[in-house]
Amino acid sequence: MEYNFRDIETKWQQHWKLSKAYQVSNDSSKPKFYVLDMFPYPSGAGLHVGHPLGYIASDIFARFKRLQGYNVLHPMGYDAFGLPAEQYAIEHGIHPALSTSNNIRNFRKQLDNVGFCYDWDREVRTCDPAYYKWTQWIFLQLFDSWYDRRAGRAARIADLVTRFEQEGNRNHPFPNERFLVNVSPAGAPASLQAGFTAAQWKQMDEKTRQDILMEYRLAYCGYGEVNWCEALGTVLANDEVVNGVSERGGFPVVRKRLRQWYLRITEYADRLLEGLERIEFSEAMKEMQTNWIGRSSGANLRFALADSPHALEVYTTRPDTIFGVDFMVLAPEHDLVEAITTPGQRQAVSEYIAYVKSRSERERMAEKKISGVFTGAYAINPFSDRKIPVWISEYVLAGYGTGAIMAVPCGDQRDFAFATHFQIPVTNIIGAHFNGTEANPTKDARLENSGFLNGMLMKDAMEAAIRAIEEKGIGSRKVNYKMRDAAFSRQRYWGEPFPIKWVDGIARPLAESELPLELPEVENYRPGPEGEGPLANLPEWTGRHLETNTMPGYAGSSWYFLRYMDPHNDSAFCSREASDYWGQVDLYIGGTEHAVGHLLYSRMWTKVLYDLGYIGHDEPYKKLVNQGMIQGSSRFVYRLDGLDPAAGLILVSRKFYDAYLAAGSMTPELAGEIAGQIPGPALTTDGCAAWKISPLHVDVNIVDGYELDREAFRKWKPEFGAARFVLEDGRYLCGAEVEKMSKSKFNTVNPDDLVNKYGADTFRMYEMFLGPVEMSKPWDTKGIEGVHRFLRKFWRLFADEQRGWILTDESPTAAEWKVLHRTIRKITEDTERFSFNTGVSGFMIAVNELTELDCHKKAILEPLVILLAPYAPHIAEELYQRIHPGEGRSVLDASYPRFEEKYVTESSKQYPISVNGKLRTTLDISLDAGQQQVEQLVLANEVVQKWLEGRAPKKIIFVKGKMVNVVV
RNA sequence: GCCCUGGUGGUGGAACUGGUAGACACGCAGGACUUAAAAUCCUGUGGCCAGCAAUGGCCGUGCGGGUUCAACUCCCGCCCGGGGCACCA
């Protein structure tokens, strides 16, 4: 009657599959609960032990909720469109659809090994036409919508057209700062830049009207500066560019002006911020999204220029510092640079602009040099009439605010550095708060040298300055965001085609009946002409005037959580009944890497669908938990280099490498010690000064702790077959380092191997036992034995080798009830608050205690099995069958044990008492929570007085009805 | 530089709203069973000191202060690690 996990696990996995035990219905009287994992991108590398961490946690939670009587939706699918599959296709000539489905099959096999309770009937794949039909459909809804700022929500384009017909765009000014990006600024009629009347609208031709409408659409096509990656041959979104290079592949990225599709996510900036207050995300996550959105408020204000008809508009968050402006700075790309530069400075300015253009994005980020040049022009401070020099510098960004700033060196460190570098005199408006050597960005100083603001606290002056600016008619209050509209097109093949046709330069949506617009087969995946995608190489595609770009990876993942609710619906992306029933994702688990990508886009899409009335909630996720990353714990062997080649491959143990490092080079003593261990043809120490020792990654799976399995090493790779080892204490010890888990570092551990050796239940519990789910930690397989031992011990409460099944119907003793109910309370609380590691400990304690009590009673063990079921479902099911033989009941449908206080309350006990918080003793008193406070005090006083031989205590402190401390 | 996290035995980590710090597990040491090994089981395991002993005392949660009868927990000031953002005016 051994615990034979292999048979048990295969048996129940098969049974659950055949009986569709995890199929979920949308039709239930039970309360719903939606547990979601971030679906994986099925890469060719397969799973390592880090991947299932979050899946196991969500699986436990889903099972736990099901036992508690909820109708639990717990689906899984694949984020299957994207660059890697296409890169793979280019390199190996295998169609992405094929490699993707192979990878999915492999993933699925690995997932099934762990025994998850996914309802696979609801699986989605973003590359499946039946799925992306609806991605295209939602895109068309975005295309057919605009953001009504007055109503604060999305509305239909038809509604906008009606308004234009009635009132022009006076009440609905162009949403974008870069007015008419669609026709490029030069092409925009000047008459339109100031808006248009209803009459003007009616006189426009179709093309002009459509270009204007494009300026409002939530999904729009226009010209803009984009992140162009030559190596990948595509445009990337801001979150896909890290430190000036592509996130995937690390290729250089340059700014380029191209026609692109965008999502007008900036219109949702405020609602995305506001929504964060209503959802449970970690502080770090909220912080990241808040920073990314980057809301700031201040004022736009115009400075007149001396001897010029132009005015210079700047954005500032500190209008209170207006009297401290010592110079102005324009971005080198600013439109006015040309017009205001004086003849004398022309040469210097054009040289500087050439220099700036020569610098890559990467260089700009890496070395932040102070650079700039004077334009020769002067602005006039509107309040003091002071003449202020106007400079250009690359530290001012063209894309933010107005692309121009007023520089206040006493209050802004960058301005201060610039002023110092170019020896521009600094005006002090904050008195003693400014020390002359660095800027002070305080808001608490009283203003000096500040005209009508003199003597005011800066905080208060802010409002006063904005009012004065507005009264003078030179500017107004203004809110800015760092976030840009999201680039939504890719010049690639492996993505959703846009359901758009270009007719006479106008983008026309396909009819719903034409969806899905299927991705055609192609011969090769090379880019099309003029930066277009591979689809541009297909005559049958371009002949139909179809858009040749495809959608980015995040399109499909922006709404997949809705599809799971109604996955087979072919007349809607998700019926309103289904989305009303399931509502928000109650618990979403995944890594932090999607903080500013997927998690923002999907929040936006949800808000749009909500605004348009397709769903009833505007935040997709109620609670988000970020699982930590499991790092690899790499192992190294140390190769002796610089020897006579005849000596062959010699590896030295860790201590020699440490000694070598400490000495800085090979010493004769060390060499002698090494050579002494190598038998056969003598390894002479002549020329040992040239010896080197270099670390080499070794497969962690052939290392036990630090000790190398030398036989396995010799078999690992042919070239190691004749390796000789220099040992310490008879063993070969490896070095260790914590690194990212990856195949190339040979530090990956495959879950399949562990499941095979210890079983899925052990594997699941061990992953949880490692520590809090949210925490990152290096993987260490040592310790899995402890969890495995626990399961075997648990098994032995039911059966042992001599007696077979030893379950009894006896009624439990008080001590046994107590163990059970303490465990019910602990496991329930721990699971509820996501503390699975202490939950696992709770089981271990219970089993140790019951083993001690020699308890084999069904009345105790049955509830325990149910508690264990979310953590270790296979063994729980097997044992549940043993308790209820032949009844065909599954532990999946058992009801969760109820905790009862009465079994765990202590009646009368010896309490440890401290006196003055120090001295401790125990007093035999019987006071419990039930008694009234006064009664307690009187009783305690008596006991303590007797104990202190008559002295009266000053104070007695109770905690939860127990006396814990006495002050005398 | 700014923001968010975290710092507890040899190790992973417990201690949820201040109430016997170190649960549980790994590792280690000793023992039982065994011809032997594996497996299994039992005992011990923060440090220092005293005692033949059961036991007792002192010190201990990154460092320095503070609040409290009582601080890993709260407050102030530092130090170190991990993550994010980084010319956003």
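Since the model is a prediction, treat every value here as computed from it, not as a measurement. By convention in this document, chain letters (A, B, ...) are assigned in the order of the sequence lines, proteins followed by strands, and residues within each chain are numbered from 1.
Exactly one of A/W795, A/F5, A/Y766, A/F794 qualifies for a ring-ring contact (aromatic ring centres under 6.0 Å, His included) with A/H788. That residue is A/F5.
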List, with names and distances, any nitrogen or oxygen atoms from the protein found under 3.5 Å away from nitrogen or oxygen atoms belonging to nucleotides 24-33 of chain B.
from, atom 1, to, atom 2, distance (Å)
B/A25, OP1, A/N848, ND2, 3.2
B/C26, OP1, A/R789, NE, 3.2
B/C26, OP1, A/R789, NH2, 2.8

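Looking at A/R822 and A/E849, a side-chain N of the basic residue comes within less than 4.0 Å of a carboxylate O on the acidic one, giving a salt bridge. The pair A/R318-A/D320 meets the salt-bridge criterion, with a side-chain N (NZ, NE, NH1 or NH2) lying under 4.0 Å from an Asp/Glu carboxylate O. In summary, A/K826 and A/D830 engage in a salt bridge, as defined by a charged side-chain N under 4.0 Å from a carboxylate O.
The residue A/N291 sits apart from the nucleic acid: no heavy atom pair falls under 4.0 Å.
Between A/D854 atom CG and B/C41 atom P the separation is 14 Å, expressed in whole Å. What separates CG of A/D830 from P of B/G13 is a distance of 17 Å, to the nearest Å. One interatomic measurement links the two molecules: CE of A/M775 to P of B/G6, which rounds to 8 Å at whole-angstrom precision. In this structure, A/M462 places its CE atom 13 Å from C1' of B/A89, rounding to the nearest Å. Residue A/E739 contributes atom CD, which lies 16 Å from atom C1' of B/G82 at whole-angstrom precision. Atom NZ of A/K757 is separated from atom P of B/A39 by 11 Å (rounded to the nearest Å). Atom CZ of A/R318 is separated from atom C1' of B/A89 by 11 Å (rounded to the nearest Å). Distance CD1 (A/I630) to C1' (B/G12): 12 Å, rounded to an integer number of Å.
In terms of position on RNA chain B, the residue among A/R796 and A/P778 whose nearest nucleotide sits closer to the 5' end is A/P778. Where A/E287 and A/R792 meet RNA chain B, the nucleotide closest to each residue was compared, and A/E287 sits on the side nearer the 5' end.
Anti is the conformation of B/G10, whose glycosidic angle sits further than 90° from 0.
Contact annotation: A/Y395 side-chain N/O to B/A89 OP1/OP2 distance is not under 4.0 Å. Between A/N480 and the phosphate of B/A89, there is no side-chain N or O to OP1/OP2 separation shorter than 4.0 Å. Contact between the side-chain N/O atoms of A/S296 and the OP1/OP2 oxygens of B/A89 is found at a separation under 4.0 Å.
Remark: A/K740 NZ to A/Q631 CD distance equals 10.0 Å, nearest 0.5 Å.
Comparing the C1' positions of B/G12 and B/G7 gives an interatomic distance of 15 Å, to the nearest angstrom. Rounded to the nearest Å, the gap between the P atom of B/U43 and that of B/C24 is 12 Å. Nucleotides B/G9 and B/G44 place their C1' atoms 15 Å apart, quoted to the nearest Å. On the P atoms, B/U11 is 31 Å away from B/A32, given to the nearest whole Å. Taking the P atoms as reference points, B/C72 lies 25 Å from B/C4, given to the whole Å. Between B/A25 and B/C3, the distance separating the two P atoms is 42 Å to the nearest Å. For the C1' atom pair drawn from B/C63 and B/A15, the interatomic distance equals 23 Å after rounding to whole Å. Comparing B/G10 with B/G47, their P atoms are spaced 8 Å from each other, to the whole Å.
Relative orientation of the A/W391 and A/F422 rings is tilted, given thresholds of 30° and 60° on the angle between their planes.
Remark: RNA chain B takes part in the stems B:1-7 with B:79-85, B:10-12 with B:24-26, B:27-32 with B:40-45, B:46-50 with B:55-59, B:62-66 with B:74-78, each of 3 or more antiparallel Watson-Crick or G-U pairs, criterion distances under 3.5 Å.
Taking the six-membered ring where the residue is Trp, the centroids of A/F834 and A/F836 are separated by under 6.0 Å.
A/E785 and A/Y758 share a side-chain donor-acceptor pair at under 3.5 Å. Counting only N and O atoms by type, the side chains of A/Y395 and A/D415 include a donor and acceptor under 3.5 Å apart. Checked by atom type, the side-chain pair A/T290/A/W292 shows no donor-acceptor distance below 3.5 Å.
Side-chain N or O atoms of A/Q627 include none that pairs as donor or acceptor with a backbone N or O of A/L53 at under 3.5 Å.
Taking only side-chain atoms of A/K777, from C-beta outward, the nucleotide of B/A89, B/G13, B/A15 with the closest atom is B/G13.
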